[in-house]
Amino acid sequence: MTREYDFKSIETRWKDHWISTRAYSAPDFPDPDKKAYTLTMYPYPSGDLHMGHVEIFSIHDTIARFARMGGHQVLNPIGWDAFGLPAENAAIQRGIDPKKWTYDNIAMHRASMEQLGCSFDWDRVVITCDPDYYKWNQWFFLRFYERGLAYRKAAPANWCPKDKTVLANEQVVDGRCERCGTLVEKRNLTQWFFKITDYADRLLDDMALNTGWNDRLRMLQRNWIGRSHGAEVEFELEGAKYPVTIFTTRPDTLWGATFFVIAPEHPLVDELVRGTGREQELAEFRREVDSLTEIDRTSTERAKKGMFLGRSAINPVNGENMPVWIADYVLMDYGTGAIMAVPAHDQRDFEFARSHDLEIRPVIRPPQGTEPDGASMTEAYVGPGTLVNSGPFDGTSTESSVEEVTRWLESEGRGRAAKNFRIRDWLISRQRYWGTPIPMIYCEDHGEVPVPDADLPVVLPEDIDFTPSDEASPLANAHEWVTVPCPVCGKPARRDTDTMDTFVDSSWYYHRYLDPHNDEMPFDPEKSARWMPMDQYTGGIEHAVLHLIYARFVQKVLVDMGMAKDPEPFPNLLNHGIVTMGGKRMSKSRGNIVEPLEAFDLYGADALRLYMLFSGPPEAPFDWPAEGVAAIGNVTAPWLQRVWRLCEENRDVVHVGELNQGPAEHALRKHIHRTVKIVTDDYRSFSFNTAIARLMELVNQAYRYKKVGGNHPEVMSELVVTVLKLLAPMAPYLTEEQWHRLGHESSIHETPWPDFDPSLAALDEVTLVVQINGKVRDTMQVPPGLTEEELVTRALVSEKVQKYLDGKDPSKTIVRPPGLVSFVVG
RNA sequence: GGGCGAGUGGUGGAAUGGCAGACACGCUGGCUUCAGGUGCCAGUGCGCGCAAGCGUGUGGGGGUUCAAAUCCCCCCUCGCCCACCA
């Protein structure tokens, strides 16, 4: 009796069963040879799950379940990135308690994850807004402070006027706030930083250890860290007490330096201008620069503005005087904020020299042609060549000149080899409420005093007015909380009222899963070492320069603290593409949301999972078709029905007697074993769409076999069991249900992955393709394993081939076993 | 301005030097059905042809090769990253 595939009751039943039996709980101490730590980036709980989550969870859960069936002990935890602005904004706009809002959303998320069939270990949930978690953010902050890796400084910071908080450089995209798109302003503020720049070299060099990263991600990080090699050179400046250091990647062009430029904000500028009578002019120039937005200021389209300071600098290589300028194209926060200008060989300097009538002196002669002439050049020459007008280095090739000049500078005591980085220290202070309080106290007598470990956590006060303002952080409104005795002297002091960037939370959470209930330490390094490094991480490419760079940095600090052993935490990372509809990110205001709940209701979790997996490779972006959820009803839902019926119709087949196979059975068995081989490879390379395609072919073949009267019990039994197992990681519910209907007591997800018999998986004929002059002229079926001579003989038998050869002998014959012969004739 | 990636039927995609379009969706026709839906079967890149077949075809142009979606050069389009980065 065939029963309908009632996915609703099946999915609900198994979901509850897996939860109540804690089916996916992992041990603390796994067998080192069998452990597999699979993780997906924890979500931010703003509302319920959306289709982007569904895609990543479908991919990720398939990977975790495949590892489990492959005989691994799998740790597959989940948690929530629960601090952050959306909770606070919901609170401000709708008067909801941010904590309640967050936990309500987490509950919705969790229900949807369970419904989707995610094999998470629910005993290890980590929620970052829980004091048991953020206590350890504070503990790490104090350890960083002790190691000189957390420091406070006044600096121009990126300020988002809408969110009313500062942002890290990584959170500013094209001069705008990454979250809300508002133009970012610069503000001078005293803020806490983590010294990620100390780790810049290691962050770059250790990337080689991340063998399971794609090139795109590597490149994004490399660009962001932005290491360049060159030299630091010291210049004496008239009117300055100390020499000024510049960084250049082209020390070999030093003899072509004809002026010196400093950033307008450089602290030295006031000192230099004092007494030159140009103070008024300077103030005006700065006002003009200040009035520009960051976007305008850094636009290469704009003409470069500058002002002569009335001072000169001495070129250390030849003692020449060069005029000192300030110009808006020199940036305070890159390099040293000062440059030597070589207009003949740098396009920016060239443009500036032309518009301000400064000398252009070529010092590189191109390999061909003549020495450029400064007066007639139309653009800077940046190519290779031979040094000229360069004192002792005349005649040196640019291939070696950078190195040689640097050595010379070092021996003369005028400079040294240097590296420069684009990456800035990580600004972690936020002037917002819903985050980890920074555990520092400011005392009139003792300055900044760390909160003693014994007083952790510094708990976020509740019931305060958290409306943000331009003047103070919301926590400043918690007057009773702010005022605290100084840990040193006991006199009244004030707490830091800023909270930490939420990326601090996510930079070490993957260790907390390994010891989630520890109240003595953030995690026991022993326990962590049993599961780390992570075996497979999955997440979005949008975190390429945010989470992934911060977490790698913190991991390296953990190594230095002796709390971790692996320099790289995530050697294998799978990036999934973004999910859109009509090419646009789904959002309520656009009305282009495809709802997971509707999909669960109409087609079931298995059909939804399978649909996401079948739509293309995991890395590719995924654009929902216009029909929305209904697409599932056309694609994977009917196919699952087909699988269901196949199982039901063959449920009663049992092993009976000898395996007397006819040719049809033999062909079908071969198909089964070939499918196991190919689908297993597809799983390993995350090619789930083709794995599903191969399973569809096998199921089609089974229906065809039955249609012609095939009914061999053993072969059909093997087929049904194999299809169920190969499908189990992707469609966990249907396969579990059918597994039990076949009479098994235990879960299909705990059974071993199927093996294949290589002799059955091998093809027993191959298609021989015969080409003449590069065109396919005939194909024929031949046994595998023929020698090259035999293949040629077979090819020549063909009438079509003979027709195209037209009696001529091939002038060339190429044979590529197992199935290609190519003739070339006259 | 620099760098990286992509461009294949009506659609999602497959093939990474060796039969282009696997597997699906859609569409067309047929069977089942009172009908709709479901289910099942067949066809489906384009051109000519009743068909067998022939030609043609992976953004455009050129090249390498017996053989190119795949490798190389130029161009176009789209996406992403970096960007007055010294």
Side-chain angles (χ1 to χ4, degrees), chain A residues 173-174 214-224 226-228 230 246-251 253 257 261 263 297-305 327-331 333-342 345-349 351-352 420-422 541-542 544-545 577-578 583 611 614-617 619-627 631-639 641-642 645 687 689-700 703-704 707 767-779 800 810-825:
Chain A
V173 178
D174 294 334
N214 62 46
D215 292 343
R216 177 171 145 74
L217 183 56
R218 264 183 243 275
M219 193 195 60
L220 290 177
Q221 291 225 346
R222 206 173 292 135
N223 278 349
W224 188 262
R227 180 166 64 192
S228 50
I246 61 110
F247 173 79
T248 176
T249 54
R250 292 297 303 276
T253 61
V261 193
R297 167 95 193 259
T298 54
S299 162
T300 50
E301 308 298 312
R302 257 183 58 260
K304 298 169 183 17
K305 287 194 167 59
D328 56 1
Y329 78 95
V330 173
L331 309 173
D333 57 5
Y334 186 78
T336 62
I339 63 160
M340 66 167 188
V342 185
H345 304 294
D346 180 284
Q347 186 59 23
R348 294 152 299 170
D349 297 345
E351 286 166 21
F352 191 80
N420 193 48
F421 293 92
R422 206 198 73 94
I541 191 90
E542 69 273 17
V545 289
I578 59 161
Y611 184 77
F614 189 52
S615 69
E619 305 85 353
F622 174 47
D623 198 41
W624 269 91
E627 65 259 43
I632 303 166
N634 290 333
V635 183
T636 48
W639 185 69
Q641 294 273 2
R642 202 166 147 81
R645 281 199 317 277
S687 184
N689 56 333
T690 55
I692 294 166
R694 298 292 87 81
L695 286 168
M696 286 173 167
E697 282 173 337
L698 182 57
V699 169
N700 288 345
Y703 272 97
R704 246 169 259 140
K707 202 183 174 200
T767 304
L768 173 61
V769 176
V770 188
Q771 298 181 340
I772 291 153
N773 289 344
K775 284 195 188 295
V776 175
R777 291 306 183 187
D778 201 10
T779 61
K800 284 185 195 164
S811 59
K812 195 170 175 185
T813 302
I814 296 108
V815 189
R816 289 281 176 279
L820 185 104
V821 173
S822 180
F823 295 117
V824 187
V825 288

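Residue numbering restarts at 1 for every chain, and letters A, B, ... go by the order of the sequence lines.
Note: CH2 (A:Trp224) to C1' (B:rC85) measures 12 Å, nearest angstrom. The separation between A:Asp333 atom CG and B:rC82 atom P is 15 Å, rounded to whole Å. Remark: P of B:rA14 and CG of A:Leu695 are 16 Å apart, rounded to the nearest angstrom. Rounded to an integer number of Å, the gap from CH2 of A:Trp639 to P of B:rG26 is 17 Å. To the nearest angstrom, C1' of B:rC25 lies 15 Å from CG of A:Asp623. In this structure, A:Phe823 places its CZ atom 18 Å from C1' of B:rU65, rounding to the nearest Å. Atom-to-atom, CD of A:Glu627 to P of B:rG26 comes out at 8 Å; the value is rounded to the nearest Å. The separation between A:Ile692 atom CD1 and B:rA22 atom C1' is 14 Å, rounded to whole Å.
Judged purely by atom type and a 3.5 angstrom limit, A:Asp349 uses its side chain to pair as donor or acceptor with the backbone of A:Val342. Using modelled atom types, one side-chain atom of A:Tyr703 and one backbone atom of A:Arg642 make a donor-acceptor pair closer than 3.5 Å. Side-chain N or O atoms of A:Asp328 include none that pairs as donor or acceptor with a backbone N or O of A:Lys304 at under 3.5 Å. Using a distance-only test at 3.5 Å, with no hydrogens or angles considered, a donor-acceptor pair links the side chain of A:Ser811 to the main chain of A:Val824.
A:Arg777 is not listed as a side-chain neighbour of A:Val770, based on a closest heavy-atom distance of 4.5 Å or more. The shortest side-chain heavy-atom distance between A:Leu220 and A:Arg222 does not fall under the 4.5 Å cut-off. Taking 4.5 Å as the limit, some side-chain heavy atom of A:Leu768 sits within range of a side-chain heavy atom of A:Val821.
Of the candidate nucleotides B:rC85, B:rA67, B:rG12, B:rC85 has the atom nearest to the side chain of A:Leu331. Closest to the side chain of A:Ile814, from the set B:rC19, B:rA24, B:rC66, is B:rC66. Side chain of A:Leu820, nearest nucleotide from B:rA14, B:rA86, B:rG18: B:rG18. Closest approach to the A:Arg645 side chain among B:rU56, B:rG39, B:rA22 is made by B:rG39 (side chain taken as heavy atoms from C-beta onward). Listed candidates were B:rA14, B:rA86, B:rG55. Nearest to the side chain of A:Thr690 is B:rA14. Of the candidates B:rA20, B:rC85, B:rA24, the closest approach to any side-chain atom of A:Val776 belongs to B:rA20. Ranking B:rC19, B:rA86, B:rG55 by closeness to the A:Thr767 side chain, first place goes to B:rC19. Among the nucleotides B:rC66, B:rG26, B:rC84, the one closest to the side chain of A:Arg348 is B:rC84.
Of all heavy-atom pairs between A:Ala341 and A:Val261, the closest is CB-CG2, 4.2 Å.
Rounded to the nearest Å, the gap between the C1' atom of B:rC54 and that of B:rG59 is 27 Å. Going from the P atom of B:rC74 to that of B:rG21 covers 32 Å, rounded to whole Å. B:rG61 sits 15 Å from B:rA68 when the P atoms are compared, rounded to a whole Å. One C1' atom belongs to B:rG45, the other to B:rG10, and the distance between them is 11 Å to the nearest Å.
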**Complete:** Per-nt protein contacts along nucleotides 2-11 of chain B (heavy atom under 4.0 Å; B base, S backbone sugar-phosphate only, - none) come out as --S-------
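Dashed line: the shortest gap from a side-chain N or O of A:Asn634 to OP1 or OP2 of B:rG26 is under 4.0 Å. For B:rC84, the OP1/OP2 oxygens have no side-chain nitrogen or oxygen of A:Lys304 closer than 4.0 Å. The side chain of A:Asn689 places an N or O atom within less than 4.0 Å of a non-bridging phosphate oxygen (OP1 or OP2) of B:rA14. Under 4.0 angstrom from either OP1 or OP2 of B:rG18 there lies no side-chain N or O belonging to A:Lys775.
For A:Gln347 against B:rG1, a side-chain-to-base donor-acceptor contact under 3.5 Å is absent. At a cut-off of 3.5 angstrom, the base of B:rA86 holds no donor-acceptor pair with the side chain of A:Arg250. Side-chain N/O atoms of A:Thr779 and base N/O atoms of B:rC19 include no donor-acceptor pair closer than 3.5 Å.
In this structure, the ring of A:Trp224 has its center no less than 6.0 angstrom from the ring center of A:Phe421.
The partner of B:rA6, taking Watson-Crick or G-U wobble pairs whose two distances both stay under 3.5 Å, is B:rU77. In this structure, B:rU64 forms no base pair with any nucleotide, since neither Watson-Crick nor G-U wobble geometry is met with both distances under 3.5 Å.
Residue contacts shown for A:Ser615 are limited to sugar-phosphate atoms, with no base heavy atom under 4.0 Å away.
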